[in-house]
2 protein chains.
Amino acid sequence: MIHWPVPEPEIPAGTHPALAAVARAAVAAFRDARGRFDRTQLAEKVDMGADGTPTTRLDQLVDTAVAETVDAHRVNLISEEIGVIDNGSAVTLVVDPVDGTSNAVAGVPFSAFAGVVAVDGEAVESLTTWLDTGRSWHAKAGETLPYRTTGRRELDGAAVSLLRPHPKSEDAWLRVSRRAGRVRVLSSSCLEAALVAEGSLDAFADPGSDTHRIMDIAAAAVLLPAAGGALIDAYGRPVEIDPDLSRRWSGIAAATPDLAEELAEEINRPSS
Amino acid sequence: MIHWPVPEPEIPAGTHPALAAVARAAVAAFRDARGRFDRTQLAEKVDMGADGTPTTRLDQLVDTAVAETVDAHRVNLISEEIGVIDNGSAVTLVVDPVDGTSNAVAGVPFSAFAGVVAVDGEAVESLTTWLDTGRSWHAKAGETLPYRTTGRRELDGAAVSLLRPHPKSEDAWLRVSRRAGRVRVLSSSCLEAALVAEGSLDAFADPGSDTHRIMDIAAAAVLLPAAGGALIDAYGRPVEIDPDLSRRWSGIAAATPDLAEELAEEINRPSS
């Protein structure tokens, strides 16, 4: 069993009621699952998710709690495992109930709830909650935050977090890591993006493996611009909220648009 | 400024009084430094450490608090920045006041206090405290712990945390990462070793860059065996408590001695 506590989330006043309720439900379900199941049971593949990847027991329990809360609030949902729930609302929540699932089931204390409020398809608000501590990052599109990114523009010497190297992205991974002053692999994209937003990392990137689904980067797409940064796709594709869960991106969250573009350029450079 | 709180450390009853006092002093100094200085000021190189690497303002403040406490308890100290303090005691504390300094000064929430009690040169007790949450791991040599490692013996498919790739270790880094099922770079060796001890990671390694000093691996050398795991050097050198701070190791903390040896073998394999 993972014996560490799961604290209450620190959800700021002014958070959309449905988003706040879903975050609380996700944290409660996460805590309950940790209390009832050991690491092996949490990690057990119990189903196939709507996004085409296997669903762990932990994912299933937390996603179910999210879906019930969404139904109670009569809003729509786009979620990793459950897929799409259409309650006929103009409001859709785009939710990653457990971002960093492999950390969460193993006990590596770095996993998150992340959710976005979209109105008529437009992302207007985001909430990212670090499940292991309750720390939260909340943003509304068009409003500035009390914290900022580092403002860094150059990749050389930057503090960069990356997805682990994948066979198809290993060359780009190495090129970025050689130029970076610091390299991290924390394996929770939503938390890594939050660390970029608050100025603890200069950038986070999937260096071209097209691992990201919309729920992995939707919160960052609201949070980063509000903190002076940027969230782009390495291959220039628009980051759109779309119920088609087969779509993938290689997200880049960076302290500035310049740094995001420099990372994209390095990721796109042909291997020598 | 990094605005997150630094909680009180959870130090178990039975911890050596000098070690407990030093841990509390380190956490208090860390909290104070975070409250007074911003990221740039915390990271400023203010001196050259006894280990030959630059000392940040954060390191200096926390090390000074550690040295004062050691003097008050009339024990000896081996520490990264201060070096060696000989108070003529049979007890020496081997301390890394801030493990993961680059995380700590940037605000990435993975840094630790780590300390070991050595009696007549033999490590007998360790304490690792995650500065960002207060979580602590305490062990005494020859006593078993209430938690265990994963017990994993094979590298293929294992969850492995690594130091970032360095030019001299890049080939080994890639070979290990290709065989691992999960790869992390958390950049706090003491915390990564604690995660191996509690069964959240299968292994942590410096894949051959000889970055570790004794204070980076001394706590793991007590903690890992007490949890059923192992702490070895990739090149087979004994991990000894030695006031010569120019010595370096490539530490491997693993769930089992077999896994540690398999990692060492892969790190030592000639590049193809």
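All chains are named by letter (A, B, ...) in the order of the sequence lines, taking the proteins before the strands, and each is independently numbered beginning at 1.
With a 4.5 Å cut-off on non-hydrogen atoms, A/L174 touches chain B through its side chain but not through its backbone. Heavy-atom distances place the side chain of A/T133, and not its backbone, under 4.5 Å from chain B. Interface remark: B/E192 contributes no atoms to any contact with chain A (heavy atom separation under 4.5 Å). Contacts between A/P167 and chain B at a heavy-atom distance below 4.5 Å are absent for every atom of the residue. Only the side chain of A/E170 comes within contact range of chain B, with at least one heavy atom under 4.5 Å from a heavy atom of that chain. Residue A/L186 touches chain B through both its backbone and its side chain, counting heavy-atom pairs closer than 4.5 Å.
Annotation: side chain of A/W173 is not in contact with side chain of B/S177 (no heavy-atom distance under 4.5 Å). Between B/P109 and A/R135 there is a side-chain heavy-atom pair separated by less than 4.5 Å.
With sequence neighbours left out, A/D99 forms a salt bridge (charged side-chain N to carboxylate O under 4.0 Å, His left out) with no residue at all. For the salt bridge (charged side-chain N to carboxylate O under 4.0 Å, His left out) test, no residue two or more places apart in sequence or in another chain qualifies with B/E265. Every residue two or more places apart in sequence or in another chain was checked for a salt bridge (charged side-chain N to carboxylate O under 4.0 Å, His left out) with B/D38, and none qualifies.
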- Carefully, step by step, assess A/V185 and B/R182 under the rule side-chain contact (heavy atoms from CB on, under 4.5 Å). CA-CA 10 Å; A/V185 177; B/R182 305 195 181 286; over 6 Å; no

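With rounding to the nearest 0.5 angstrom, the CG atom of B/L195 is 12.0 Å from the CZ atom of A/F110. Note that CZ of A/R178 is 11.0 Å distant from CZ of B/R164, once rounded to the nearest 0.5 Å. With rounding to the nearest 0.5 Å, the separation of CD1 in A/I2 from OH in B/Y147 is 14.5 Å. Atom CZ of residue A/R39 and atom CD of residue B/E198 lie 5.5 Å apart, to the nearest 0.5 angstrom.
The nearest pair of heavy atoms linking B/S136 to A/W4 is O-CH2, 4.0 Å.
Listed by sequence position, A/S200, A/L201 are the residues of residues 200-213 of chain A in contact with chain B, using a 4.5 angstrom heavy-atom cutoff.
A/S187 and B/R184 form a side-chain donor-acceptor contact under 3.5 Å, judged by distance and modelled atom types alone.
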